[in-house]
Structure formats: C-alpha cells, structure tokens
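All remarks here apply to the structure that follows.
Every number for a ligand or one of its atoms is a count from 1 in the order of the listing. On a predicted model such as this, the values are computed, not experimentally measured, just so you know.
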Amino acid sequence: MAEPVSQPIFFVVDEDPSAVEMLAGDLERRFHADYRVMGETSARAALERLAALRDAGEQVALIICYESMRAMRGSELLARSRAAHPDAKRILLIDHGDARMLEVIARGMALGHVEHYLTKPWRPRQHLLYPVVGEAVVAWTRLNSPGFALIRIVGDRWDPVSFQLRDALERNNVPYAFYDRDSAEGTELLQQLDEVPDNPVVFLADGRVLTSHTEADIAEALGAPVRPKRGAYDLVVVGAGPAGLSAAVYGASEGLSTLLLESTAMGGQAGTSSRIRNFLGFPAGVSGGELAERAFQQAWMFGAEFVFINGATGLSARGDELVVILAEGGRVTARAVVLACGVAYRRLDAPGIAELTGAGVFYGSALSEAPAVKDQDAFIAGAGNSAGQAAIYLARSARSVTLLVRGDSLAKSMSDYLIQEIEATPGVRVRLQTEVAAARGDRRLTELVLRDRRTGSDETVAAAALFVMIGATPHADWLPEDILRDRHGFILTGRDLAGAERPATGQPVPLPLETSMPGVFAVGDVRAGSVKRVASAVGEGSVAIPQVHQHLLRQATRAAS
Ligand SMILES: Cc1cc2nc3c(=O)[nH]c(=O)nc-3n(C[C@H](O)[C@H](O)[C@H](O)COP(=O)(O)OP(=O)(O)OC[C@H]3O[C@@H](n4cnc5c(N)ncnc54)[C@H](O)[C@@H]3O)c2cc1C
C-alpha cells in the first residue's frame with residue numbers, strides 16, 4: 001500500500017444531505033487544522049470512496065454513520081468499512097431517545113465495529129459532539145499517528161534485544177521509531193557511526209547516540225527517574241500495575257510520602273491490553289496504556305515519587321522499619337510496604353521456543369509486534385480473554401491469525417462477547433485440542449509443529465509469529481521466606497494466614513490485606529485468592545491504604561506504651 005499522502009480524514013455518512021453538511025461543518029470548525037472532513041449521502045458511494053481512499057494510501061481516522069439509513073444500516077456500513085480501514089475509529093449516529101438502539105450499539109461494540117455513539121441532534125456541539133469525537137481521535141492518534149519520535153532505534157527486527165527494547169518503550173509510552181539496519185532510514189542513521197555494533201543503536205532526539213546500553217541507561221538518558229531521591233519513605237509500593245498505581249494515588253493523596261518502584265513498564269499486565277472493556281466509567285473501553293498513563297499523572301500530581309526500570313530484589317524487617325533492596329543497587333526504608341507485583345507469563349515448554357523468544361515467539365505482547373506480522377501468518381497459544389483480544393487486534397494487520405487451544409472449547413475460559421467477536425472477525429481461526437510441539441527457524445521463527453491432542457499427529461505450518469498467552473505465575477520469588485505464600489506462590493494475607501504457620505510469635509493479628517510480615521501488604525493479582533481484574537486490583541490498592549494507616553497507628557500506640 002502507498003504511504004499516506006496528506007492529513008487523515010473524518011468520513012461522515014448519512015442519507016440526509018443537510019445532516020452531512022451540518023455535521024461535516026461542525027467537525028471542520030473544531031478539527032480542520034489536523035484533519036480533512038469528507039461526506040457521502042449513500043452507503044454504496046461511501047464504501048466505494050473508502051476503498052478508493054485506501055488504494056490512494058490515505059488514512060481514514062474516523063467514520064461516523066447514521067444508523068437509520070434506508071439502503072444499509074449504519075452499523076452494517078461500519079462493519080464493512082473495516083476491510084478498507086481496519087484502524088479507523090467508528091462512531092454510530094443514532095436518533096436521540098431511541099431505546100431500540102441500545103441493542104444495536106451493544107452488539108456493534110461487542111463485535112468491535114462500533115467504538116462510540118453520538119445522538120442526533122448533536123448540539124450543543126461542545127457538550128455532545130466534540131468530547132466523543134475528541135476521545136476517538138486521541139485513541140486513534142496513539143496507535144496510528146507517526147508523530148514525533150523521542151528516540152529512534154536501528155537494529156535487527158528479529159533480534160530478541162531489539163524486541164525487548166521496543167516492548168519496554170511501547171509499554172512505557174515513549175514515542176519511538178524502529179528501523180531495520182538495512183532499511184534506507186536505518187542505513188542513513190548508522191552512517192553517523194565510526195563503528196557499527198551488533199546490538200541495537202539508540203539515537204536520542206537531542207543528538208546523543210547510545211551504542212551500548214541497558215534499559216535503565218536509556219530511561220535515565222530520557223530523563224526518567226531510575227533512582228529514589230530519598231533514603232526513607234512512609235510507604236514503598238512495589239509494582240506499577242493497576243493495583244500499585246492505585247495504592248500510590250491513595251497513599252500520596254492521604255499524606256504519606258510514597259515511593260513507587262517499577263521494574264519493567266508502567267501499567268503492568270493491563271498496560272499490554274489494547275482495550276479494557278469492563279472498567280467502570282469507560283463505556284467504550286479504554287486502552288490499558290491510556291489508563292496507566294492517567295493513573296500515573298494522578299499519583300504524580302498528589303506527590304508520589306516514581307522509580308522506573310529499577311525493581312525491588314529484597315525485603316526485610318529491621319525493628320519497625322522495612323528495608324527494600326533495589327535491583328540497580330542501593331536500598332530504601334519504609335514504614336509500610338505494599339506489594340503489587342502482579343504475575344509473570346507462564347512459559348511454553350517445547351523445543352525451539354526458548355531459543356526463538358523475542359525472534360518471532362513473544363510472551364503476552366501483541367501491541368508492539370503488530371507491524372511484524374503484517375500480511376503474515378500469526379499464531380496465539382492460549383484460550384483466555386487476553387488471547388482473544390490479541391487475536392482481534394492482530395487480525396487487523398496479519399494475513400491470518402490462528403488461536404491454538406489445548407482444550408475442547410473456548411467457552412470455558414473466554415468471555416462470550418470476545419468469542420462472538422472472534423467468530424465475526426475475518427482471518428481469525430480457532431484450532432481446538434491443539435498444542436505447540438516445536439518451534440523452528442534460523443534466527444527467527446518460520447515454522448511451528450502443531451500437535452493434535454486427540455490423534456497425536458503432527459502438522460508443520462509456516463508461522464511468522466507465535467504469541468504465548470497461557471496463564472501466569474506470581475512475581476513473588478524475590479521475597480523472603482517470612483512472607484508466606486500458597487502452593488502456587490501467591491502471597492497469603494489476612495484471614496488466609498490463620499491456618500498457616502506464623503513465622504514469629506507475638507505478632508499482631510494481620511489486617512485483611514496484610515501479609516505474614518507486619519506492615520507489608522499484598523494487593524492485586526499477586527495476592528492469593530484475588531480476582532484477576534483491573535477493577536479489583538485498583539480496589540485492593542485503595543483499600544490497602546486505610547490498613548497502612550491502621551498499621552502506623554498500631555506502631556505509634558505500641559511505641560507510646
Ligand atoms: C493482555 C491482557 C488483557 C487483559 N484484559 C483485561 C480486561 O479487559 N479487563 C480486566 O479486568 N482485566 C484484564 N486483564 C487482567 C488485568 O490486567 C490484571 O488483573 C491486572 O493488571 C492486575 O493488576 P496488578 O497491578 O495486580 O498486577 P500487574 O498488572 O501484573 O502489575 C504488576 C507490576 O509489578 C511490576 N513488578 C513485578 N515485580 C516487581 C518488582 N520486584 N519490583 C518492581 N516492580 C515489579 C511488574 O513489572 C508490573 O508492572 C488483562 C490482562 C492481560 C495480560
């Protein structure tokens with residue numbers, strides 16, 4: 001496909017010419033500096049023009065269709081428009097007060113071809129039109145606008161180190177551009193160097209070039225804090241997923257000096273989700289990256305301090321003080337610690353998988369690798385909601401996406417709305433009772449051996465990428481033995497500790513989210529018995545803070561007596 005040639009397009013479709021004119025006029029009034037607005041008054045003409053725009057290499061950012069058109073329903077037109085412009089945001093225009101539309105919108109959202117809706121009349125436009133369009137445009141821009149690159153990387157796309165870098169930048173919302181070393185841009189950038197190293201080279205916007213680096217070096221060069229400013233805090237939160245971000249917001253807003261440590265990327269698992277549909281207050285869903293960024297801003301504005309790419313590697317109690325050891329060296333002390341370290345992806349055990357990880361085999365990351373599977377065959381091992389979301393996301397660019405499911409049905413592990421969306425998404429296949437027997441390739445994945453679990457027979461298929469999403473284990477192996485865990489490694493808290501052996505006598509009865517080490521709390525996915533959802537992680541992060549206050553009061557009372 002040709003490169004986009006000019007400003008992205010807003011496309012409006014309604015059989016009523018005056019409505020098209022009025023809506024296009026209102027959109028132009030606000031967005032004309034960055035977008036062109038086009039309209040059509042017939043569904044057929046709209047589909048033809050959308051196809052022609054695609055062939056001309058034009059980017060369509062937004063399509064707004066009126067539902068009650070005679071020749072074709074707006075929702076159907078939106079669904080069909082996906083073929084030409086899979087990345088466009090889609091808004092359904094309905095009549096104000098038409099209750100029958102609820103079902104149409106809900107179905108469109110479940111199937112992924114309606115992302116927002118607007119009502120007719122849409123005035124006052126400041127209240128009813130611009131916020132909805134603005135939200136859609138922000139979401140589109142995050143994923144599609146080439147925009148400004150804070151850093152440019154030149155490397156080998158299939159080199160695992162390049163993958164780790166891209167993944168870390170993507171998940172930390174750092175705008176970057178990646179160029180293969182033999183591309184025109186890559187060759188031109190590398191010409192600046194006297195000697196070209198084998199590892200990826202990082203070009204910063206201010207002219208600095210990093211030829212040898214860790215992720216922490218890059219974060220530091222970009223101005224991100226990788227070391228704490230102080231030696232002692234009221235509260236140290238470990239992990240910046242939804243649970244940790246929430247604990248930081250509530251801790252800092254309630255007057256605790258709060259440090260949040262993150263070893264990898266802000267947002268945790270949620271940060272890798274392209275669309276979280278079930279989080280309260282976001283009827284059209286929200287990307288995990290956006291949610292994390294908003295939470296980060298909120299915690300930062302309340303005064304929480306963040307340290308990135310420098311996780312906790314040790315924890316111990318020294319009297320009433322807790323000591324946290326940091327991966328990049330050094331330690332901090334805290335009066336209370338909230339463990340919000342979440343879970344790590346479970347590894348697939350088959351020949352070739354370990355060698356090709358990052359070179360075609362990826363764990364849990366679909367967002368950053370979508371360009372790598374453009375027009376190629378991608379596979380996803382897994383049957384949970386994250387696997388389903390990734391399949392739908394990758395289907396926009398891959399030639400085919402195959403879900404490899406060990407069990408005999410998706411219904412046991414995946415939400416019904418996602419199953420429906422998968423069934424309705426062209427190019428997605430589901431292979432039940434199938435497992436990966438081997439991965440093959442020289443420097444990058446080219447083939448998978450798939451085993452039929454019923455017959456035991458193997459089939460070799462061409463594969464450009466395998467995304468492994470087969471569950472997770474808790475990030476808790478760095479903790480001391482005094483923090484008691486269940487047999488799967490999840491941290492025990494509160495009442496669950498009652499039956500467990502206590503590490504020392506004379507300790508107070510643990511608070512509901514408190515671990516076996518007084519003053520250390522566990523929240524979110526890492527906690528035994530937690531509900532593995534964004535909302536519950538956020539809830540537990542907030543609920544932990546009153547318990548931190550209770551612990552501090554308990555300490556103060558004991559000290560005074
Ligand atoms: C692809 C995907 C899609 C999902 N979609 C949905 C959805 O639509 N709706 C929903 O409700 N749930 C969804 N989930 C589940 C949801 O994301 C998790 O339940 C939630 O993120 C758990 O939050 P958490 O903060 O407990 O842990 P996590 O999100 O796992 O975050 C833990 C953080 O701690 C960091 N960390 C770990 N160890 C250390 C250490 N030693 N030092 C410092 N930092 C450390 C990790 O790097 C990570 O950033 C999805 C999950 C995935 C993977």
Side-chain angles (χ1 to χ4, degrees), residues 167-168 171-172 215 226 228 236-248 259-280 282 285-289 291-292 295-296 306-315 324-328 332 337-346 362-368 380 382 384-394 414-415 417-418 467-479 483 490-491 513 521-527 530-542 544:
D167 191 45
R171 293 181 57 194
N172 280 298
E215 282 169 24
V226 293
V236 170
V237 180
V238 183
L245 286 164
S246 164
L259 172 71
L260 195 150
L261 300 172
E262 170 53 52
S263 56
T264 317
M266 206 175 49
Q269 297 165 72
T272 68
S273 173
S274 50
R275 194 155 57 117
I276 296 166
R277 290 270 322 270
N278 56 355
F279 191 65
L280 190 74
F282 292 88
V286 58
S287 88
L291 190 66
F296 161 72
F306 283 76
V307 161
F308 294 110
I309 323 270
N310 190 2
T313 52
L315 173 64
V324 181
I325 313 288
L326 304 182
E328 295 287 316
V332 287
V337 168
V338 171
L339 300 171
C341 346
V343 296
Y345 298 108
R346 196 168 289 142
F362 304 105
Y363 281 89
S365 171
L367 284 180
S368 64
I380 298 170
N385 282 351
S386 48
Q389 286 182 359
I392 290 155
Y393 183 75
L394 291 172
M414 196 180 287
S415 300
Y417 79 86
L418 273 175
F467 296 87
V468 183
M469 299 181 169
I470 53 171
T473 48
H475 266 304
D477 45 6
W478 61 278
L479 289 165
I483 306 261
F490 289 91
I491 302 173
L513 293 172
F521 298 80
V523 293
D525 281 15
V526 78
R527 193 178 68 76
S530 65
V531 177
K532 308 286 184 283
R533 294 282 182 280
V534 177
S536 51
V538 168
E540 289 189 9
S542 68

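For ligand 1, the atoms closer than 4.0 angstrom to any heavy atom of V238 are 40 (C), 42 (N), 43 (C). Residue-ligand proximity, G524 to ligand 1, at heavy-atom distances under 4.0 Å covers atoms 26 (O). Atoms of ligand 1 found under 4.0 Å from any heavy atom of V343, numbered from 1 in the order shown, are 30 (O). Of all atoms in ligand 1, numbered sequentially from 1 with element shown, those under 4.0 Å from a heavy atom of Y345 are 53 (C). Under a 4.0 Å criterion applied to the non-hydrogen atoms of R533, ligand 1 contributes the atoms 10 (C), 11 (O), 12 (N), 19 (O). Heavy-atom contacts of A340 reach the following atoms of ligand 1: 32 (C), 33 (C), 34 (O) (cutoff under 4.0 Å). Within ligand 1, counting atoms from 1 as listed, the ones closer than 4.0 Å to a heavy atom of A265 are 49 (O). Those atoms of ligand 1 that come under 4.0 Å of a heavy atom in G342, given as number and element, are 27 (O), 28 (P), 30 (O), 32 (C).
Side chains of E328 and V226 form no contact here, defined as non-hydrogen atoms less than 4.5 Å apart. Taking the side chain as every heavy atom from C-beta outward, V236 and P228 never approach each other to under 4.5 Å. With a 4.5 Å cut-off on side-chain heavy atoms, P242 and F279 do not count as touching. Contact of the I392 side chain with the L418 side chain is registered, since non-hydrogen atoms from C-beta on lie closer than 4.5 Å.
Qualifying side-chain hydrogen bond (donor to acceptor under 3.5 Å, both in side chains) partners for E262, counting only residues two or more places apart in sequence or in other chains: none. Not a single side-chain hydrogen bond (donor to acceptor under 3.5 Å, both in side chains) links S263 to another residue, sequence neighbours left out.
For the pair A535 and ligand 1, the shortest N or O to N or O distance does not fall below 3.5 Å. Considering backbone and side-chain N/O of V534, one or more are found under 3.5 Å from N/O of ligand 1.
Proximity of L261 to ligand 1 is established by a heavy-atom distance of less than 4.0 Å.
Atoms OG1 and CZ, on T264 and F308 in that order, are 12.0 Å from each other to the nearest 0.5 Å. A distance of 11.5 Å separates CG of L513 from CD1 of I491, quoted to the nearest 0.5 Å. The CZ atom of R527 sits 13.5 Å away from atom SG of C341, with the distance rounded to the nearest 0.5 Å.
For atom 15 (C) of ligand 1, the nearest non-hydrogen atom from the set H475, K532, R527, E262 belongs to K532. Between the choices S386, G288, G388, the shortest heavy-atom distance to atom 52 (C) of ligand 1 belongs to S386. Scanning G311, A312, G241 for the heavy atom closest to atom 41 (N) of ligand 1 points to A312. Nearest-residue assignment for atom 28 (P) of ligand 1 (options M266, Q269, E540, M469; heavy-atom criterion): Q269.
Checking each of N310, I309, V337, V324 against L261 for a side chain to side chain contact (heavy atoms under 4.5 Å, CB included) leaves exactly one that passes, namely V324.
Under 4.0 angstrom from ligand 1, the non-hydrogen atoms of Q389 all belong to its side chain. If you look at S536 next to ligand 1, there are no close heavy atoms at all, none under 4.0 Å. No part of F279 comes within 4.0 Å of ligand 1, judged by heavy-atom distances. The backbone and the side chain of S263 each have at least one atom closer than 4.0 Å to an atom of ligand 1 (non-hydrogen atoms only). In N278, the part holding a heavy atom less than 4.0 Å from any atom of ligand 1 is the side chain.
In this structure, S542 contributes its side chain and S246 its backbone to no donor-acceptor pair below 3.5 Å. No side-chain donor-acceptor contact under 3.5 Å links D525 to the backbone of V343.
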